[in-house]
Amino acid sequence: MTTDVRTGPPTAGGERETLRAFLDYHRATLAMKCEGLDDEQLRQRSMSPSTLSLLGLVRHMAEVERAWFRRVFEDHEAPMVWSDRIDFQAAYDASASTRAEAFGAWEAEVERSRRIERQAESLDLTGLQPRWGQDVSLRMVMVHVLLEYGRHNGHADFLREGVDGTVGA
């Protein structure tokens, strides 16, 4: 991996700015874990029978961003990217995927999520979580997605180490 160019979250600040910064930090962490790897290396699986790979994590996080920002606050019927039903596991199988495809979808969903968050008047904005049939706040969505990144970036450490022996922040 190259030099760490991520911007760290603030050590003091408002709730919204802190959540936004932590999300962006974790998004940048996932991208950093994939830096410098070709498609074959990004598709390298952790161990059989798992289909988990770095590229699969990028695809999965595109689904997470879509499900928790777009489907909650803009379009409850928006289809998933890699599944014709709500199956987050389908994204893990990146055996036929490329960096361009996976990162293109992920980056588009991240930008949409950022726009949705920035346009919201407050973290108290609510939207319908279609899988639950309940309203959830933007605050809850941001915390949930942050936790998803934290968990999966831990997997990314393990996967990157398996590819080239490096472990990072």
Side-chain angles (χ1 to χ4, degrees), residues 6-7 9 13-34 42-43 45-46 49-159:
R6 297 172 296 169
T7 300
E15 178 184 20
R16 189 169 191 165
E17 293 73 27
T18 301
L19 287 172
R20 181 185 294 154
F22 265 102
L23 261 174
D24 281 341
Y25 181 81
H26 276 282
R27 289 166 173 151
T29 298
L30 181 57
M32 185 179 78
K33 297 296 177 183
C34 297
L42 288 169
R43 285 191 296 263
R45 295 176 176 186
S46 59
S50 175
T51 59
L52 187 60
S53 66
L54 284 165
L55 207 55
L57 286 178
V58 172
R59 288 165 44 107
H60 175 73
M61 292 312 298
E63 298 285 35
V64 168
E65 295 270 0
R66 178 176 286 207
W68 285 97
F69 284 96
R70 184 190 295 205
R71 287 178 50 89
V72 168
F73 297 109
E74 284 189 345
D75 179 3
H76 306 311
E77 301 300 322
M80 300 303 282
V81 183
W82 288 283
S83 170
D84 58 358
R85 59 190 201 287
I86 309 300
D87 178 7
F88 288 90
Q89 304 303 311
Y92 286 142
D93 184 1
S95 57
S97 187
T98 65
R99 171 188 283 276
E101 174 208 31
F103 273 84
W106 177 62
E107 290 166 354
E109 291 303 327
V110 166
E111 284 311 308
R112 182 180 294 261
S113 298
R114 285 180 176 138
R115 180 185 51 75
I116 290 167
E117 182 271 319
R118 280 182 166 67
Q119 289 177 348
E121 289 187 28
S122 82
L123 293 174
D124 295 324
L125 172 72
T126 60
L128 176 69
Q129 204 326 320
R131 290 179 68 205
W132 298 352
Q134 294 181 324
D135 283 344
V136 295
S137 70
L138 177 58
R139 176 183 294 103
M140 185 272 172
V141 167
M142 291 179 77
V143 169
H144 179 82
V145 173
L146 179 58
L147 292 171
E148 286 277 338
Y149 274 103
R151 180 167 61 112
H152 293 303
N153 281 336
H155 297 142
D157 278 338
F158 173 74
L159 289 162

Chemist: Identify the two heavy atoms, one from Cys34 and one from Phe103, that lie closest to each other, and give their separation to 0.1 Å.
Modeler: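 Between these two residues, the closest heavy atoms are CB-CZ, 3.6 Å.
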Chemist: Are the side chains of Met61 and His26 in touch, meaning some heavy atoms are under 4.5 Å apart?
Modeler: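 When only atoms from C-beta onward are counted, His26 and Met61 do not touch, as no gap falls below 4.5 Å.
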Chemist: So, the side chain of Arg59 versus the backbone of Asp93: is there a donor-acceptor pair under 3.5 Å, distance only?
Modeler: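 Yes; judged by distance alone, with no hydrogens or angles, the pair exists.
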Chemist: Return the CZ to OG distance between Arg20 and Ser113, rounded to the nearest 0.5 Å.
Modeler: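 Between atom CZ of Arg20 and atom OG of Ser113 there are 12.5 Å.
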Chemist: Is the closest side-chain heavy-atom distance between Leu30 and His152 below 4.5 Å?
Modeler: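 SC-SC contact between Leu30 and His152 ruled out.
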Chemist: Do you know which two heavy atoms are closest between Ala105 and Val81, and how far apart they sit?
Modeler: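 Between these two residues, the closest heavy atoms are CB-CG1, 4.2 Å.
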Chemist: Which atom names give the shortest non-hydrogen contact between Ala102 and Val58, and what distance separates them?
Modeler: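 Closest approach of Ala102 to Val58, heavy atoms only: O-CG1, 3.7 Å.
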Chemist: Do Arg112 and Phe73 have side chains that get closer than 4.5 Å, going by heavy atoms?
Modeler: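 A side-chain contact under 4.5 Å is absent here.
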Chemist: Would you mind reporting whether Leu23 and Val145 have side-chain heavy atoms less than 4.5 Å apart?
Modeler: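 They are in side-chain contact.
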Chemist: With no hydrogens and no angle check, is any side-chain donor or acceptor of Arg71 less than 3.5 Å from a backbone partner on Ala78?
Modeler: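 Yes; judged by distance alone, with no hydrogens or angles, the pair exists.
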Chemist: Does some side-chain heavy atom of Leu138 sit less than 4.5 Å from a side-chain heavy atom of Phe69?
Modeler: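 Result yes, sub-4.5 Å side-chain heavy-atom pair found.
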Chemist: Provide the closest heavy-atom pair for Ala94 versus Gly56 in the form atom of the first, atom of the second, distance.
Modeler: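 Looking at all heavy atoms of both residues, the shortest contact is CB-N, 3.7 Å.
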Chemist: How long is the straight-line distance from CE of Met142 back to CD of Glu15, given to the nearest 0.5 Å?
Modeler: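 Glu15 atom CD to Met142 atom CE measures 9.0 Å (nearest 0.5 Å).
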Chemist: Among all residues two or more places apart in sequence or in another chain, which pass the ring pair (Phe, Tyr, Trp, His ring centres under 6.0 Å) test with His144?
Modeler: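 With sequence neighbours excluded, His144 shows a ring pair (Phe, Tyr, Trp, His ring centres under 6.0 Å) to Trp68, given in chain and number order.
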Chemist: Please report the closest heavy-atom contact between Met80 and Ala67, naming both atoms and the distance.
Modeler: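 Where Met80 meets Ala67 most closely, the heavy atoms are CE-CB, 4.3 Å.
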Chemist: Treating Arg43 as the side-chain partner and Leu55 as the backbone partner, does any N or O pair qualify as donor plus acceptor under 3.5 Å?
Modeler: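 Between the backbone of Leu55 and the side chain of Arg43 there is no qualifying donor-acceptor contact (under 3.5 Å).
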Chemist: Going through the distances and angles, do Arg139 and Ser122 end up as a side chain to side chain contact (heavy atoms under 4.5 Å, CB included)?
Modeler: CA-CA 9 Å; Arg139 176 183 294 103; Ser122 82; over 6 Å; no
Chemist: Which pair of heavy atoms, one from Ile116 and one from Glu74, lies closest together, and at what distance?
Modeler: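 Looks like CG1-OE2, 3.5 Å.
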Chemist: Side chains of Pro130 and Glu77: closer than 4.5 Å at any heavy-atom pair?
Modeler: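 Contact flag for Pro130/Glu77 side chains = no.
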Chemist: Evaluate the side-chain proximity of Met140 to Gln129: yes if any heavy-atom separation is below 4.5 Å, no if none is.
Modeler: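 SC-SC contact between Gln129 and Met140 ruled out.
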Chemist: Check side-chain contact (heavy atoms from CB on, under 4.5 Å) between Val110 and all other residues, then give those that pass, not counting sequence neighbours.
Modeler: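 Once residues adjacent in sequence are excluded, the partners of Val110 under the side-chain contact (heavy atoms from CB on, under 4.5 Å) criterion are Arg27, Glu65, Trp106, Arg114, Tyr149.
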Chemist: Is Leu123 close to Leu19 at the side-chain level, that is, under 4.5 Å between some pair of heavy atoms?
Modeler: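 Touching, per the 4.5 Å side-chain cut-off.
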